[in-house]
Amino acid sequence: MKDKNRATTSLLKRVLVNCSAQTKQYGSCVSSRVPEVEKDMCLKEFIVLKNCMQNVVFSWKTAPYNPYAAPSSDPISEGPVLSIRYSLDLKLLAIQRSVYEIQIWNKETGDTVSQKCRSESESILGFFWTDCPTCDIVFVKTSGLELYSYSTESRNLQLVQTKKLSISWYTYTHESRLVLLASGMQCKSFTGYQLSSAGMIRLPKFEMVMAKPEANSKPVLAAEDVHVITVYGRIYCLQFDRVAMLLHSYRFYRDAVVQQGSLPVYSDRIAVSVVDNVLLVHQVEAKVVIIYDIFADSQAPISAPLPLYLRGFSRANVASSQTAGKPSGASGPQNSSDTEVTIYGDQWKFLTPDLVIDVSNGSLWKISLDLEAISASSSEIQLILEFLQRRKLEAEKAKQLCLAIVRTIILERKPVPVVARAMDVLLTAYSQAIKTGSYYKRITAEETSPSNGSGVNRPNAAGSESTAGIDASRSINQEPGIVSGNDGLSIGKTERGDFLEPDMLGGEDLPTGHSQIPGPTSNQLNSNASQRNQSQVTSSAATSPADYYSHVLAPIEEEMTGDGSYLTAIIIEFLRSCSLEKLKVYPNTYVLMVQILARDECYAELALFIMNKIIEPSKEVALQLLESGRQNLQIRKLGLDMLRQLSLHHDYVLLLVQDGYYLEALRYARKNKVNTVRPSLFLEAAYASKDPQHLAAVLRFFSDFIPGFKSTPDHQTYHHFVAELNA
Amino acid sequence: MGLKSESDANESMKLCVFDLRRGQTEGQELDKILFFYPPDLPLSNQLSVIGLSEGLITFTRIFSPDAPCEVIEAEKHSHVFYEAEPDIWMVLVVEKDSEAIWRVDALRSVLKEVHSLFVMFHGYVRALVDKEPSGGLVRSHLYYFIMDFLRDFSIGKKLQLPNFRGSLKEQGTLQMLTVGREAAIEVQSLVTVLESCVGNTQCYTMTMFQDLLVSTNLSPIDSLNLFTYAVLRLTPLALFHGASSWSHSRKTDTACNTYAGALLLSSGSAMDPYYNSRDTSPLRRHSYPLVRPLQHSKWSKGKDGFLTTDIWGTEVNSLVPTCPTIWLHQTEEKMFLLAYQHRGLTVILLVPVSSISGEQGIAMLKQQIIENASLKMLKVEEKLSRGWGGENAYHVSGYRYLLVDGDRYISRASPPGKVTTLTKESLIALSKLREEVDSEKVRVKWDNSSCEKDLEICIRAKNNAWLIARLIRGKELYMVLEKASETLLYASDAAEKFSERYCNGAFSLD
């Protein structure tokens, strides 16, 4: 990766200093096997050492995130590195060598272009690649923005456009494609540009609010106090007001910047992450995270503050992961496996949107949400369900959690209205998902997933690294174990290059996979991007009525046998929600209802429900009615009637015969042309009635209507019986 | 009101209740009589009616111990018997005249109805008899109850019992409102809310719209009783007029008639020599907490939407009326009755007396219902009234019909206003047809109770109307087709069409 040590000393010395850990490992590996030395032994250690000794930049993809992925590496020339970024197509690598110079190296051709400031009066604050059609890379200088395009043929940078402006500092996120330029004495006047594939948009100038500690002092807004975040496709800017201890939020519209309110802050140091459209405000000093879901305009946190919890970090894991993704930190600290990880250590650097780089340990953490812990820490069932329904990254898990929550409140016999509201939330979300199509997306995604290893979801669900969660969540986690099982060992990749900004590597991909896709989204700064998102991320936590049956109603019914009326009420509310959303109910739900009512001998109610079509007719229901009707003739009749109404002629005739109504059955069979019921059944029934006339009539019927019946053994047998009865 | 009965000659009807286990010794015969109408009939006449009845019962029991005498058809009278409880008999004697062409079953259902209502409010007659062997308790209860009940039948000076004009009606059945699935779920959800107001105890609800039942979780028998009572006294119509359960079309003109009777009864004047002469013990209303649930014009809608009445008296030291109570037939549990009304919607809630601490508990419950459920009731009412087709909602043009589902005690018929367009001949003929069917049903029941017989009768009456009866698997369909074509095929087709379209094919034959 980088060598920042100006190598005045010998190369060997530098290598030994920087790669002592790797050298030691390799040495001990070799020495442990010394007599039997052979080729490729200790290969892993060797590669680690080799990589350490060269000037290489490593890059990992962070989205989709796969802790196992091997890094790609590119050698770079020696020299200082202030920052480094791959171009969007990964073919170019830009390295800022000083505040005056940026080098661009073409990986394919090996050419290097260097761009320097023309005058000493200006300096380069930073740069970023863009997919704007008119330019490729943007330099942010103290004197303004410079937009360059890079042409492979001429191998140079061409200045396309300049925006003159005095800039104190800037902030850019590729997700939002938005660069915010701070100017003024207090650095609180902002100019914004959005550089998307649709072109460049200039945002109106705006000022941020800052409280004054005293009348005359004028605090200066620092770059680290301003965070641009993207949630649900909307772009917000969060500004930390250290004096007021508030986090002000501004939302960007195409033509306006609107202040949205303020979140309280409880720490002098904060950091902001966005995971799955959830805003996490790290109260660094308090070592807790406050979670907000800025979907509605609610400023209330989703749950109580939760601690950050490192998961999947263990020595064994680190060792194993090192083999795969092994960075050779030139100046890196000791082997990370020997180091205790300090949560919110001073060296932690938060990267947009959800990564943390721990410089002192040389590791990169990805933040994921522990949905279980979050849902366990809130008692607002309705809110938490809505929250879970909006989660896309771990949609399957969110869905299971939602179902589990509903199951739990039913088992706890919460009042029916409470349960009803919970079901309303889920079914409304489901019907929404159906309408926007995201539900079907998920189905298709699931279908294709086996080959893919379910792409996005799985590794995250694996809970790669750090997690916002309370301790208790661990024990909860243990049980479901399966999910996290195989991921358990996938850990954070350890990487040791302080200057490597993973954000650049993965960051370039991230946006395409995630939110701001070129096209329409970047056109408008606001919301409708969220819809796009939904469908794009291909997953939804929506719970279908069938899920309800299999995950909530059916399991509960087994546990709550004694409480039929409560369950019936719950199912009624469920049906109400379904009918409000015009959702089709899974027939087994009705079967269950029939079972419950019949078990409690609520025959009158059952009949009423059938009559009102609260229980919709279906073959399953009809058969259950017949089954439950063994104890009650009326219920059995309901089942029969339902069969008839559903035109299930064969079953209907069969049952009529079984009940001894063979003449009626015969009439019905003839009218509806049912010829699939064996004649012998009718004959048996007629014989059982001991009425020779009837038996003769049935016999005659078949003789007349079934060609060749007279020659069957049935005919002869029963002909004989008729004679017998008459005798 | 007809109860004044100036003379016995004018009184075409007698109704008595007697207990065969009482007064079995010579000279004690009067003891048997628990109730007699007309009450001012000389005791000797009363005794002769009861004596005849008892004689016949005893005689027929020799041959048919389980089902003794059901009816006596004399030249001028019919005696309809009903054994309400073991050895408690009710006998209705009606005079035959030109207008009085009736079905015995319809008359008997009057007896059944008054008895089951009585049991709902007061418990079994036998229990009352046993409670006070002198008979004063049961007599005073029966007296007021049946007199109040009969007042619903009074037309002018006479009592109008069900006759052939009601042959397209079935007494003792529920009339249901047909609701869409969505509305039905809404109603059910309302029921859930009501139940959750009550808490953990098992309670029952009955939801009605106008005079029609929408939903209930009561057992069929209890539903029927409560429904009958609600139609008589609680529904919006019944509140406005002293309603008659027998004819919706007659409802309008009965209120004034009842007033005189109410005066008469409440004055406690010399109306019944029987009680006055016989009872030496202090029997009358002063000694017993007399509750007269069928008393007219006693229910009214309170400001909070709940129906109130002082029939059950008022709390000591307060003006709050005592909450009505009824007995459930199935569980023999005593329940408080709370009725809430919003426009056409009447919701009746039955809560076990044992689970509520007095009037205070009731008041709290009401409060809770108002808080939690009133909005929902508003919505339900709106939904139901939007789907409600009005008085003639169930009219099928060209048909005059009656549908009975004997399994669930449900019936539906052409609206009364449409039935009146039929000629007298058709109705009389139908009445006779039904009489036939009734006896056929009884025969089948004796023959073989396990298997239901299907039956179809199609008759062309003298006035060229077609009368059709179909009984299939416990369901009955009767219809009258006037001005129909001449062929039997046509009549049969018409019935078939009706069955397919309105009964889900339940009455379709071949």
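A note on names: the letters A, B, ... follow the listed sequences, proteins ahead of strands, and every chain is numbered from 1.
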Checking side-chain polar atoms at under 3.5 Å, does Ser565(A) have a donor or acceptor matched by the opposite partner on Glu195(B)? no

Between Arg644(A) and chain B, which part of the residue has a heavy atom less than 4.5 Å away: side chain, backbone, both or neither? side chain

Looking at Asp405(B) and Lys637(A), is any side-chain nitrogen of the basic one under 4.0 Å from a carboxylate oxygen of the acidic one? no

Spacing of Asn612(A) atom CG and Met176(B) atom CE [to the nearest 0.5 Å]: 6.0 Å

Look at Glu182(B), Arg181(B), Glu186(B) and state which one has the largest set of heavy-atom pairs under 4.5 Å with chain A. Arg181(B)

Check each atom of Leu640(A) against the heavy atoms of chain B and say whether the ones under 4.5 Å are side chain, backbone, both or neither. side chain

Report yes if the side chains of Met611(A) and Arg408(B) come closer than 4.5 Å at any heavy-atom pair, otherwise no. yes

Just how far is it from atom CD1 of Ile614(A) to atom CD of Gln188(B), taken to the nearest 0.5 Å? 4.5 Å

Kindly compute the distance separating SG (Cys503(B)) from CD (Gln645(A)), expressed to the nearest 0.5 Å. 10.5 Å

Check each atom of Asp641(A) against the heavy atoms of chain B and say whether the ones under 4.5 Å are side chain, backbone, both or neither. side chain

Considering only heavy atoms, which portion of Ala569(A) lies under 4.5 Å from any heavy atom of chain B: side chain, backbone, both, or neither? both

How long is the span from the CG atom in Asp454(B) to the CG atom in Leu663(A), to the nearest 0.5 Å? 9.5 Å

Does any backbone or side-chain atom of Leu597(A) lie under 4.5 Å from a heavy atom of chain B? Answer side chain, backbone, both or neither. neither

Identify the heavy atoms of Ile572(A) and Ile185(B) that sit nearest to each other, and give their distance. O-CG2, 3.9 Å

Lys/Arg-Asp/Glu bridge criterion (N-O < 4.0 Å) met for Arg473(B), Glu664(A): no

Please flag which part of Ile571(A) lies under 4.5 Å from any non-hydrogen atom of chain B: side chain, backbone, both or neither. neither

Contact origin within Val214(B) toward chain A - heavy atom pairs under 4.5 Å: backbone

Do Cys602(A) and Asn217(B) make a side-chain contact, defined as non-hydrogen atoms from C-beta onward lying under 4.5 Å apart? no

Between Tyr603(A) and chain B, with a heavy-atom cut-off of 4.5 Å, which part of the residue counts as in contact: side chain, backbone, both or neither? neither

